[in-house]
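Beneath this line is the structure, given in structure tokens, with notes to follow.
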Amino acid sequence: MSERSAAPGSLVLVESLVNTLDLESGADALDTADGRARFGLAEGELAAARELRESLRAVLLAHAGHPPHAPVTPLGELLASAPLRLTVDPADGSAALAPADAEPLLSRVAAAVAESLVAGTWPRLKACESSTCHWAYYDRSPAGRGRWCSMQVCGARAKMRRYRAK
């Protein structure tokens with residue numbers, strides 16, 4: 001949906017996961033083998049991946065000032081069980097959180113969220129306010145007040161609805 005550039009750093013994983021479901025058409029990339037392979041998911045992990053995706057979407061809507069799109073498991077509860085480890089680079093002493101096991105999607109998402117919290121980029125990852133979209137996008141606007149994934153599509157539709165309502 002979005003013509004915006006991808007989120008920075010490891011947030012691209014979160015953005016990509018949320019954007020596996022096109023709400024307008026109902027197409028879910030996780031229904032395909034290629035879609036699952038992008039995230040290293042086995043078919044038995046689909047329910048947990050979808051639960052994680054929708055919990056992330058609810059948080060991204062909150063970043064944009066909107067209520068959750070549906071009742072979901074709080075993201076904090078899901079990420080609490082993700083094993084992470086602290087790594088320290090011996091060359092420069094820099095530290096980072098990394099998944100204890102790089103395979104589980106939950107651990108990779110938890111590490112991405114932790115990294116973006118430290119970098120200050122987490123609040124800028126948002127979900128489009130259009131109720132038929134909710135596509136994840138990284139808000140690069142100077143004031144951080146972006147509302148739509150695409151001004152040409154979702155933004156134009158919202159403005160046209162407001163205009164016609166007048």
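Keep in mind the model is a prediction, meaning the values are calculated, not measured.
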Discussion item. Please determine whether a side-chain nitrogen of the Lys or Arg among R50 and D28 lies less than 4.0 Å from a carboxylate oxygen of the Asp or Glu.
Written reply: yes
Whether the side chain of [X] engages the backbone of [Y] through a donor-acceptor N/O pair (distance < 3.5 Å, no angle test) should be reported.
X   : Y    : answer
T87 : A96  : yes
R36 : D31  : yes
N19 : A136 : yes
H63 : A127 : no
R53 : L17  : no

For [X] against [Y], the heavy-atom pair lying closest together:
X    : Y    : answer
E129 : H134 : O-CE1, 4.2 Å
S107 : P83  : OG-CD, 3.2 Å
V88  : G93  : CG1-O, 3.9 Å
L21  : G26  : CD1-O, 4.1 Å
L125 : A7   : CD1-CB, 4.2 Å

With rounding to the nearest 0.5 Å, note down the distance linking [atom1] in [X] to [atom2] in [Y].
X    : Y    : atom1 : atom2 : answer
R124 : R140 : CZ    : CZ    : 9.5 Å
E15  : T20  : CD    : OG1   : 12.0 Å
E45  : L106 : CD    : CG    : 10.5 Å
R85  : L97  : CZ    : CG    : 10.0 Å
C128 : Y137 : SG    : OH    : 6.5 Å
E54  : T73  : CD    : OG1   : 11.0 Å

Please determine whether residues [X] and [Y] belong to a single hydrophobic cluster, defined as Ile, Leu, Val, Met, Phe, Trp and Tyr linked transitively by side-chain heavy-atom distances below 4.5 Å.
X    : Y    : answer
L60  : V109 : yes
Y138 : L117 : yes
V72  : V18  : no
L78  : L41  : yes
L13  : V113 : yes

Practice prompt. Carefully, step by step, assess F39 and L30 under the rule side chain to side chain contact (heavy atoms under 4.5 Å, CB included).
Written response: CA-CA 9 Å; F39 299 98; L30 297 180; 4.0 Å; yes
Practice prompt. Could you walk me through whether E43 and L46 pass side chain to side chain contact (heavy atoms under 4.5 Å, CB included), step by step?
Written response: CA-CA 6 Å; E43 203 155 329; L46 276 179; 4.0 Å; yes
Item to complete: Determine whether D101 and P99 make a side-chain contact, defined as any pair of heavy atoms from C-beta on separated by less than 4.5 Å.
Response: no
Worksheet item: Yes or no on side chain to side chain contact (heavy atoms under 4.5 Å, CB included) for S16 and R38, after CA distance, side-chain angles and deciding distance?
Response: CA-CA 9 Å; S16 297; R38 284 182 44 210; 3.4 Å; yes
Discussion item. Please evaluate residues T132 and L23 with respect to the criterion side chain to side chain contact (heavy atoms under 4.5 Å, CB included), reporting the C-alpha separation (whole Å), side-chain torsions for both, the decisive distance (0.1 Å), and the verdict.
Written reply: CA-CA 6 Å; T132 59; L23 292 177; 5.8 Å; no
Worksheet item: Using a distance-only test with no angle check, is there a side-chain donor-acceptor pair under 3.5 angstrom linking D34 and T32?
Response: no
